[in-house]
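First up is the structure itself, then whatever we jot down about it.
Whatever order the structure lists ligands and atoms in, that order sets their numbers, starting from 1. Starting from 1, each residue takes its place in the sequence as its number.
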Amino acid sequence: MPHAPSQTFQAPVAVPDQPQRFRIGVFDSGVGGLTVLRELYRQLPTESLLYFADTARLPYGTRSQAEILRFVRDILTWMQQQQVKMVVMACNTSSALALETVRSEFDFPILGVILPGARAAVQVGQRIGVIATPATAASNAYRRAIAEVDPTVQVWQIGCPEFVPLIEQNRLSEPYTHLVAQEYLAPLLDHQIDTLVYGCTHYPHLAPVLRTILPATVRLVDPAVHVVGAVAQELDLLGLRETCPPLPTRFCVSGSTNHFAQLSAQWLGCTPVVEQIDVRTLACQSVSLESAE
Ligand code: DGL
């Protein structure tokens, strides 16, 4: 799975006398992508970011591939209008089901989390468990990506449909969440995994719960950490790395701004200003134009 075709990418042109900074677009269905945003802040502190959470259509992990493709195209079309210089799919489900298809449809680089996560996992493990959304687990994306890097590694994938709703409802510390986690991890522990991959960007938010269940010897791999390494390489390759202090991050959601602002504050360390955006507008407009003709 190569990264975006760098040779076909044309950098956005800044207006003379008015130095413009172009943001990196980051998207997820909800607060999961904040785990990637956090890593971008840590590893690339001078980059300006645009975060979009498609909270009105969450969860993605129980949707069909056709729906995921439509949602991803909506988001990328809107991000293109915002003149982003690159997009990070901070969503495994989108990376597994849509990345390969949409990559050639847009003229900016688009990076996903699966290949960087798979590469990192084979560096540390031989018996790898992957917890993911049902759609990602069913796609076999991690199994394939890991096999491409090292076919001798064993992989077990578990779909965890309850995790994303529990995280989005802020029910992390409830005993029920602990029970659900125990149930999902049990088959992986039976297989004596040595490594666990967070195959959904929401799941690092569950680390305090998962750590109490997993033996201390099991290594946790967070693809968010590794996709940012790939972003840095791509920025350098394209000469797009920013050196000036960044613009404030723009946060946009398709659902409730208040809910997102309150929920995300615990991971961002401050309550963000959040805009509501209907990314479906473009698609709807073109449909209504077509039907008016
Ligand atoms: N956080 C996303 C992922 O990595 C999406 C989860 C969902 O909406 O089901 O797959």
Side-chain angles (χ1 to χ4, degrees), residues 1 25-40 51-72 74-76 87-100 102 110-118 120-121 129-145 157-172 177 180-181 184 196-207 210 220-228 230 251 253-256 259-260 263-264 267-268 279:
M1 235 194 304
V26 180
F27 79 86
D28 180 39
S29 60
V31 292
L34 296 179
T35 57
V36 175
L37 197 78
R38 231 166 26 187
E39 278 304 315
L40 283 161
Y51 187 84
F52 177 75
D54 198 2
T55 50
R57 301 190 284 194
L58 169 150
Y60 274 17
T62 45
R63 303 272 191 174
S64 68
Q65 181 167 28
E67 284 176 302
I68 301 293
L69 261 173
R70 182 156 51 86
F71 299 169
V72 167
D74 286 346
I75 296 166
L76 292 174
V87 167
V88 184
M89 286 188 176
C91 171
N92 287 264
T93 311
S94 307
S95 305
L97 276 74
L99 179 59
E100 283 310 301
V102 298
I110 306 172
L111 276 66
V113 278
I114 295 195
L115 189 58
V130 180
I131 46 173
T133 65
T136 301
S139 76
N140 260 326
Y142 270 101
R143 189 189 300 286
R144 276 187 279 116
Q157 305 166 108
I158 299 285
C160 310
E162 291 208 60
F163 275 163
V164 167
L166 286 168
I167 294 162
E168 290 286 337
Q169 291 159 18
N170 207 12
R171 296 172 59 191
L172 295 177
T177 304
V180 169
Y184 288 147
L196 182 71
V197 179
Y198 292 122
C200 170
T201 51
H202 278 74
Y203 299 172
H205 294 319
L206 282 169
L210 301 179
L220 286 165
V221 172
D222 182 357
V225 176
H226 305 282
V227 72
V228 177
F251 290 93
V253 297
S254 54
S256 157
H259 178 76
F260 183 85
L263 183 64
S264 60
W267 297 299
L268 292 171
V279 291

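Side-chain contact between V130 and I158 is absent, with no heavy atoms from C-beta onward closer than 4.5 Å. The shortest side-chain heavy-atom distance between L69 and V102 falls under the 4.5 Å cut-off.
The 4.0 Å heavy-atom shell around ligand 1 contains residues D28, S29, P59, Y60, G61, C91, N92, T93, T133, V164, C200, T201, H202, ordered by chain and number.
Donor-acceptor pairing under 3.5 Å is lacking for the side chains of D54 and S29.
The minimum heavy-atom distance between I114 and N92, with the atom names listed, is CD1-O, 3.7 Å.
Evaluation of the salt bridge (charged side-chain N to carboxylate O under 4.0 Å, His left out) test over residues 134-144, restricted to residues two or more places apart or in two chains, returns none.
Side-chain N or O atoms of S139 include none that pairs as donor or acceptor with a backbone N or O of A96 at under 3.5 Å.
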